[in-house]
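Some notes on the structure that comes next.
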Amino acid sequence: MIQYLFHRLLQGGLVLLALFTLSFFLCRLLPGGPYQSEKAIPEHVKQKMMEQDGYHLPVHQQYLRRLSGVVRGDLGLSIRLSGRPVNDVIAQSFPVSFQLGLVSMMLASLIGVPAGVISAWKKNSAVDFGVMAVAMLGLCLPSFVIGPILAETMGRSWQWFPVMGWNGADPSTWVLPMVTLGLVYAAYLARLTRAGMLDTLSQDFVRTAHAKGVPMHRILIKHCLRGGLVPAAAYIGPAFAGIISGSLVIESVFQVPGLGRHFVKAIETNDVNVIMGIALLYGGLVVLGNIVSDLLILWLNPRARTLSS
Amino acid sequence: MKTSIELQQGNSLRKDAIMRLRKNRAAVAGFFCLMTIAFLCIVLPFTPWLADPNAQSLVHKNLAPSTQHWFGTDHLGRDLFSRVFYGGRISIAVAMLTTFVAVCIGVSYGAIAGYARERVDATMMRVVDVLYGLPFLVVVILLGKVLERMTSQWSEWLVEALTSDHATTEKINEVRTAVEPLVTMVPLFLAIGALSWLTISRIVRAQVQSVKKLEFVEAARSLGLSHRVILFRHILPNCVGPIIVYTTLTIPGVMLFEAVLSFLGLGLKPPNSSWGVLIKEGSDMMLTNAWLLFFPSLFFSLTLLSLNFLGDGLRDAFDPKSSKD
């Protein structure tokens, strides 16, 4: 078990190193270079800035310098935001993205998992087809279509919720971005849960339970839910990482001051340190999400425990 | 004797699959819907019924749908009906080419990994694991940006190559408007395609591993055929089913991705339009001109829906044991 975790962490470290290397060299190849701005920067100032950021060094030294910085937890300074540390930028906007991701994921699980269970229970009935049709629609209507429609109806026409902005203390500002982001993932979770439940329901021990006269709801919840949730559990960890980095679109639709907007801005202005910092953070989240998923599966499925050790 | 052969042919895997697919009404509907949209997007731009998608007219701006402009017009007076189909053409082209890149890489990589010795296989799959861990959106955006710089010169070269030295400025501009949308799409689909091959490679690897243990492979080896021939002529044709299925399921993902990038302003550059660009423009104006969001979203979602239904149907048809996920 511990060995297994250690193995996963090692692999995670490898992923992060690969991501660092990739983003480092991609950032060097970005068109325009980091010091482009509307006003021309005088040559000697530019020289000074480049020296300060270490751009006069040979490539391998730059690489090692950045790497040692990152390992020590120092992501460097933002160029666009006139020298604000990237750590600061992240510390300020990550909680917003994280909060949005967390509530969306909770909403998605609360809708998706029960929908999948019901759909598997009433397999091939009108309910099943209805749920699966809605889920399919959720997969195919991109969030940037659902978002504006929700903003228009619930926000502007009916005035139920504020259309834009984010206030951590005021849940009414969460609703629209949370629903928009959560619906897509709810659709995925519903499909995965249905598949997992159907798989479990077709096993012999379920027939035995039926024969012993266990009522259906007990079979579903006590006997099958654990095994049926495995596919959804495998999905939920990476999805949580994806929900945070994928909220780029939602953040721009609803003007949420999260990480995504900084990332898009940084890409537009070649703010390399911010790009790398946020990329590494997202990478770290993916690694973490995968480990969480693995642990969830180990908890749900005892057979996986013997396999992994 | 003869009848028994016929019986065997009647039960061949592919025929069985097609039969199962035909029974799946959602998949059949998806197939026909998809064909209709693709046909319209490909054929309509060549017919005189479609107005120039980029022709602006201040007199006709912001018109609601009418008999003259079926889908209405946007804030520059461009006809949305023709923009939807021209945009669809680009969206579909990007999706097809990207998926083609992804499938080519994924199939060769997965096939080689599945066929190779255990050590090589393990290393190759570790690489896939690591790539799986990368934040996809972030890397694609970065990669697209970098490739954009490399390809920005291509359109100039192409224009130079396609026009003679004495061409008039008009002629050059004409060629440029024809070439530029194609070239600006290249970085996009290269970047997405280069990272969408992971799932396919895993599936192909698993398939190759199970097929390579079969006896006909041993027979091929004992005939002295080279590894390349065995792998690509004898083993891969037996993996076509899953490859088709996952190709169908990759296309909607790629289309969605192109739309997301376009929505963020990182994809296609105006005046080129794809469905993603049109949806973006529509969502900016949806308060006053709801039809600008409605029609592109309708066609976009219909296409994705059809592809997903078709893909699900294909998967169930080729592998009846797999339940829908």
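Note that the structure is predicted; figures quoted are calculated from it, not measured. Chain naming here is simple, since letters A, B, ... match the order of the sequence lines and numbering starts at 1 in each.
Counted within 6.0 Å of CZ on B:Phe32, heavy atoms from surrounding residues, nucleotides or ligands total 12 or fewer; the atom is thus considered open. Within a 6.0 Å radius of CE in B:Met125, more than 12 heavy atoms belonging to other residues, nucleotides or ligands are found. Atom CZ of A:Phe20 is surrounded by more than 12 heavy atoms from other residues, nucleotides or ligands within 6.0 Å.
Neither the backbone nor the side chain of A:Leu17 comes within contact range of chain B; no heavy atom of the residue lies under 4.5 Å from a heavy atom of that chain. Both the backbone and the side chain of A:Leu137 come within contact range of chain B, judged by heavy atoms closer than 4.5 Å. Residue B:Leu131: no heavy atom, backbone or side chain, is found under 4.5 Å from chain A.
When side chains are defined from C-beta on, A:Ile278 does not count as touching B:Val138, because their heavy atoms never get closer than 4.5 Å. Residues A:Met136 and B:Phe309 have side chains in contact (heavy-atom distance under 4.5 Å, counting atoms from C-beta outward).
The minimum heavy-atom distance between B:Ser301 and A:Cys140, with the atom names listed, is OG-O, 3.7 Å.
Ranking A:Val264, A:Leu139, A:Val145 against chain B, the residue ahead of the rest is A:Val145, based on heavy-atom pairs under 4.5 Å. Ranked by heavy-atom pairs shorter than 4.5 Å toward chain B, the options A:Pro142, A:Gly260, A:Pro231, A:Gly289 are led by A:Pro142. Ranked by non-hydrogen atom pairs under 4.5 Å with chain B, the options A:Ile267, A:Val287, A:Val253 are led by A:Ile267. Your options are B:Ala259, B:Pro252, B:Gly276, and the one with the most heavy-atom pairs under 4.5 Å with chain A is B:Ala259. For chain A, the option among B:Thr303, B:Leu302, B:Leu307, B:Leu143 with the highest count of heavy-atom pairs below 4.5 Å is B:Leu143.
Note: A:Leu141 CG to B:Leu305 CG = 8.5 Å, rounded to the nearest 0.5 Å.
The side chain to side chain contact (heavy atoms under 4.5 Å, CB included) search around A:Ser23 returns A:Met276, B:Leu142, not counting sequence neighbours.
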Determine, step by step, whether B:Ile141 and A:Phe263 satisfy the side-chain contact (heavy atoms from CB on, under 4.5 Å) criterion, reporting the C-alpha distance in whole Å, the side-chain angles of both residues, the deciding distance to 0.1 Å, and the verdict.
CA-CA 10 Å; B:Ile141 291 173; A:Phe263 185 73; 4.0 Å; yes
Salt bridge (charged side-chain N to carboxylate O under 4.0 Å, His left out), that's the test. Do A:Arg8 and B:Asp129 meet it? Break it down for me.
CA-CA 11 Å; A:Arg8 289 311 303 244; B:Asp129 285 345; over 6 Å; no
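Within the structure, the salt bridge (Lys or Arg N to Asp or Glu O under 4.0 Å) test picks out the following pairs touching residues 120-134 of chain A (sequence neighbours left out): A:Asp128-A:Arg194.
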